[in-house]
Amino acid sequence: AKLRKGVGNCFERANYPGLTDEQREAALTFAVIGAGPTGVEFCGELCDFIEQDVPRFYPHLLKYVRVKLIEASDKVLMAF
């Protein structure tokens, strides 16, 4: 619940009038650290939320959203 609220707050901040495109993109760039099972699952869920729920409330902000999965090694889900 806290995480979903935090993501929602990012969209609220990006929706503030008078922000530049760069400020909107900065507010809507999400970095997920670790490409293990939890990081990959969270990334997928976040993308689902952005694709399914966000367009109902913030369709004009979709072009600013970035989701980045960051992993130190060269493989995603290396243990599997």
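The structure presented is a predicted model; accordingly, all values stated were derived computationally and were not measured.
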How close do [X] and [Y] get, heavy atom to heavy atom, and via which atoms?
{"X": "Gln52", "Y": "Arg56", "answer": "O-NE, 3.8 Å"}
{"X": "Tyr16", "Y": "Arg24", "answer": "O-NH1, 3.4 Å"}
{"X": "Leu28", "Y": "Cys10", "answer": "CD2-O, 3.7 Å"}
{"X": "Leu77", "Y": "Gly36", "answer": "CD2-C, 3.5 Å"}
{"X": "Cys43", "Y": "Val67", "answer": "SG-CG1, 3.6 Å"}

Plane angle bin for Tyr58 and Phe11 - parallel if under 30°, tilted between 30 and 60°, otherwise perpendicular: parallel

side-chain contact (heavy atoms from CB on, under 4.5 Å) partner of Leu69, the single match among Ile33, Val40, Leu46: Val40

Non-hydrogen side-chain atoms of Leu3 and Glu45 separated by less than 4.5 Å: no

Side-chain heavy atoms of Leu62 within contact of Val54, under 4.5 Å: yes

Same cluster (ILVMFWY, side-chain, under 4.5 Å), Phe57 and Leu19: no

Qualifying residues under salt bridge (Lys or Arg N to Asp or Glu O under 4.0 Å), relative to Glu12, sequence neighbours excluded: none

Inter-residue atom distance Leu61.CG - Ile50.CD1, 0.5 Å rounding: 11.0 Å

